[in-house]
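Structure, as structure tokens:
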Amino acid sequence: MTVALMWEARAAGGRGGELLAWARARELSGEPVRREHFTAPQDRVLVVTWWDAPYDADLPELPEPPSDLVTRAVHRWRFESADDRSP
């Protein structure tokens, strides 16, 4: 089964580049199948990691960034691949 973990944060004004660099520099205790970084308006940064694991597996996630780097708490979501399941 494939599980995707999504981590999204909004940087403090004008600090989107710093938040992206911070997220890229974070190492996880395990190696995901895939990891991608995205940016969006309003200095938002999204990191998606894909894992070959059950939905409820204990998987490493990115931590909260330093509080002065963001405007709010990180949003996190977990999804399982619909392509891995029978209809």
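Residues A23 and V47 share a closest heavy-atom pair of CB-CG2, 3.9 Å. Closest approach of L20 and V45 over heavy atoms only: N-CG2, 3.9 Å. Of all heavy-atom pairs between P60 and S29, the closest is CB-OG, 3.4 Å. Nearest heavy-atom pair, G14 versus D43, reported as atom, atom and distance to 0.1 Å: N-OD2, 2.8 Å. Minimum heavy-atom separation, V70 to A9: CG1-CB, 4.2 Å. Nearest heavy-atom pair across A53 and V3 is O-CG2, 3.0 Å.
For the atom pair CG of L5 and CH2 of W50, the computed distance is 10.5 Å after rounding to the nearest 0.5 Å. In this structure, the separation between NE2 on H75 and CG on L46 is 12.0 Å, given to the nearest 0.5 Å.
Within the structure, salt bridge (charged side-chain N to carboxylate O under 4.0 Å, His left out) pairs that include any residue of residues 6-25 comprise E8-R72, R15-E18, R15-D68 (at least two apart or interchain).
With sequence neighbours excluded, the residues that form a side-chain contact (heavy atoms from CB on, under 4.5 Å) with R26 are W22, R35, L62, P63. Shown here are the side-chain contact (heavy atoms from CB on, under 4.5 Å) partners of P41, two or more places apart in sequence or in another chain: R44. Contacts of W51 classified as side-chain hydrogen bond (donor to acceptor under 3.5 Å, both in side chains), with partners at least two apart in sequence or in another chain: T49. In this view, D56 and P54 satisfy the side-chain contact (heavy atoms from CB on, under 4.5 Å) rule, not counting sequence neighbours. Partners of E64 according to the side-chain contact (heavy atoms from CB on, under 4.5 Å) rule, which considers only residues two or more places apart in sequence or in another chain, are A73, V74, R76.
F38 and F79 fall within a single hydrophobic cluster, where Ile, Leu, Val, Met, Phe, Trp and Tyr side chains are chained together by heavy-atom contacts under 4.5 Å.
Proximity of W7 to E61: side-chain heavy atoms (C-beta onward) are nowhere separated by under 4.5 Å.
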